[in-house]
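Because the structure is predicted, anything quoted here is derived from the model rather than measured. These numbers come from the heavy atoms of this one structure, side chains and all, not from hydrogens, waters or symmetry mates.
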Amino acid sequence: FKYYLKMKFAYKFSNLLGTVFREGDLLFTPDGNSVISPVGNRISIFDLRSNRAVTLPIESKYNYNALDISPNGTTLIAINEQGDAHMISLISQTIVHKYRFKRGVNAVKFSPDGKHFAVCKENNVFVFKAPGPFTGEYNAFVMEKVFHASYDETTCIDWSSDSKVIAVGSKDMTVKLYPLDKWTNFKIYSLGSHTDTIVACSFEKNSLDLISISKNGQMCIWESSMETSDFQPIGTPPKKKKKSSEDSDEDDVDPSKVPERTEEELAVALKDVRMEEDNSGRDKLRYKRIARHYLADAARKEERKAVLTAASYHKATKILVSGFSSGAFFIHEMPECNLIHSLSISEQEITSICLNSTADWIALGCSGLGQLLVWEWQSETYVLKQQGHSNNMTCVAYSFDGQLLGTGGDDGKVKLWNVHSGFCFITFHEHTNAVTGIAFSGTKKFVVSSSLDGTVRCFDILRYRNFRVLTTPRPIQLTCVAIDSSGEFVAAGGQDVFEIFLWSVKLGRLLEILSGHEGPVASLDFSSTPASTVLASVSWDKTLRIWDAIDRGSAHETVELLSDGLCVAFNPNGQEVAVGTLDSQITVFNVRTAQQVANIEGRNDLGSGRSDTDLITAKQTLKAKAFTTICYTADGNCILAGGQSKNVCIYNIKEGIIIKKFKITQNRSLDAVD
């Protein structure tokens, strides 16, 4: 019982590696030193000063897409694509309040004074009181106002510097202005002149002057006729002109003694009344478009069909950054709209832009590549340049000291990650097809990877170079790779040719071709015992084969399996080997006697979901699932197993029972999680 309790509370989420940005809003913290990035259904914070990445221990059921941070930097509002809002305390790193909007939300924005936040949903704008000492309100998501003036879906939002006016852009090609309080001379104002969806709108600092930007790259600069100090609250009497002594004498005249007016005098009096009404109308808020610029002209010189996809304006320095679908971004100085900097960062569209508090750093996110950049535009250097795999990850491996993590993906890239900082520090692009296996040498000096391009490549971790390319006599798709404990020998298995190839890393030569399997080689593993070159392999031909190629060549011992072999792993003591098969069983054999030591049935622990395209139930789908990768714990008493499901299981080998089951994700934005 104590053992179970220990296992139950010893494991918790630590960090998220492999992806740095997926979609949604990028944010800088108020001090400007950290970037907040939505990574699927989680949120990562990249500290640019200490060079460290941390993922909050918070998980949503769907991907986050709308985020904003309070002005004091303690509260984060994150809303997922289904409209579930989480109010997160960045001090305790926990969700303190939840709210359901029931439909997708496009934008959320705190007011500069921190007392309110506004949310854009469909054609509506909801204004809530922000809990905290500023408002004296400690109930979250207390709705104060709702505005419905937009005719189409709202897209962006901004607050005036005094938090009294909200500007909202929408797909109806207009920007609507809403007052937070009720005023006599300002209710709702609409700005047109655009011919496409509004992407961004922003007030000037300490002014109601406005900038609006649409998807086709058109930018309009608007000048306000008054400031918020000129607003008149409802119920206050209009300002009266001071009366002269003559006027006061006229007011004291007896109405019965006033002579009757002629028609000409009445016409003149009526004209004076109309002029007074016109003058009173001039006291209302009005806007005048003083300039129009076309930001897309510069981008379309390189890409004819480029459209503006993201923009951000820094009010204090009057710096405008605009990003386009071509992967280029431009920096303009306002209000003259002078181009001061431009750069192309990728071939994919820029989906999110944010500036820090001093406007020195620009954060750029590309969802298509999973790319996150922080660019210091004045010195033209990268503060942060991170990119995850652009396609599925296929393999992962720890270095022997646990300091590094290596990943390979279908995009043909091999990435090395620092476990403590959470950053990828080197990416190797040499493979021309999907990476199928990765392994570290025991000396930590290099890492090897196999690929469907038919090569095994050795990468120097210290000098960051590909110093060996190991090839087969004829082109073969390699599905797995293993390296012995001394780092001298590398083995790889073929998929279309059922052979195992053994190379010397030092000589770079093929030493042996091990034949015997009658199906694709699914997995390989060397014994971790020092000075041992014993190799285990499993194949779709329902066999486990034990080789000692250095001493005995192609001679091997064969163990028959009940089903197709999918994965194999040596016990750290070198005396046992575990095999995962297609029937969801894990079988442990003694290497010397080839006798079965233990058997684990894992079908019921895998769990199953039903995707949108499945024609059968999840229960029937489970029958075809199995563990595709297994690994021993350091003490050799337990096995970790994972497969085609969201669960990773830990089994006690001696007892043959499950100890712990991890749910890797609950993200329902992924297919077949439910």
Could you work out, with side-chain contact (heavy atoms from CB on, under 4.5 Å) as the rule, every residue matching [X], not counting sequence neighbours?
X	value
Asn573	Asn571, Gln575
Glu430	Phe428, Arg457, Phe459, Asn466
Ile600	Ile586, Tyr651
Glu518	Asp541

Name the atoms and distances for all side-chain donor-acceptor pairs under 3.5 Å in residues 523-530, with sequence neighbours left out.
residue	atom	partner	partner atom	Å
Ser523	OG	Val568	N	3.3
Asp525	OD2	Phe570	N	2.7
Ser527	OG	Thr529	N	3.3
Ser527	OG	Thr529	OG1	3.3
Ser528	OG	Pro572	O	3.1

**Message:** Going by side chain to side chain contact (heavy atoms under 4.5 Å, CB included), Asn41 matches just one of Asn80, Ile58, Leu670, Thr665. Which one?
**Reply:**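 It is Thr665, the one option of Asn80, Ile58, Leu670, Thr665 that forms the side chain to side chain contact (heavy atoms under 4.5 Å, CB included) with Asn41.
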When you check the side-chain N and O atoms of [X] and [Y], is any donor under 3.5 Å from an acceptor?
X	Y	value
Thr19	His389	no
Ser399	Asp401	yes
Asn667	Asn63	yes
Asp25	Ser352	no
His86	Tyr99	no
Asp410	Thr394	no
Ser421	Asn51	no

Side-chain donor/acceptor of [X] to backbone N/O of [Y], under 3.5 Å:
X	Y	result
Asn590	Gln595	no
Ser451	Ala434	yes
Thr455	Leu470	no
Thr633	Cys638	yes
Ser89	Gln93	no
Arg545	Ser537	no
Asp496	Gln477	yes
Thr543	Val559	no
Thr407	Val396	no
Ser584	Arg603	no

**Message:** I'd like to check the ring-ring contact (aromatic ring centres under 6.0 Å, His included) partners of Phe589; sequence neighbours left out, ordered by chain and number.
**Reply:**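 If we apply the ring-ring contact (aromatic ring centres under 6.0 Å, His included) test to Phe589, skipping adjacent residues, there are no hits.
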**Message:** Under the rule for ring-ring contact (aromatic ring centres under 6.0 Å, His included), what residues qualify as partners of Phe467, not counting sequence neighbours?
**Reply:**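 ring-ring contact (aromatic ring centres under 6.0 Å, His included) check on Phe467 returns Phe446.
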Who pairs with [X] by side chain to side chain donor-acceptor pair (under 3.5 Å), at least two apart in sequence or on another chain?
X	result
Thr94	Ser92
Arg42	Glu59
Lys413	none
Glu81	Ser669

**Request:** Name all pairs fulfilling the side-chain hydrogen bond (donor to acceptor under 3.5 Å, both in side chains) condition that reach into residues 485-494, sequence neighbours left out, sorted by first residue then second.
**Result:**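 Every pair satisfying side-chain hydrogen bond (donor to acceptor under 3.5 Å, both in side chains) with a residue in residues 485-494: Asp484-Ser486.
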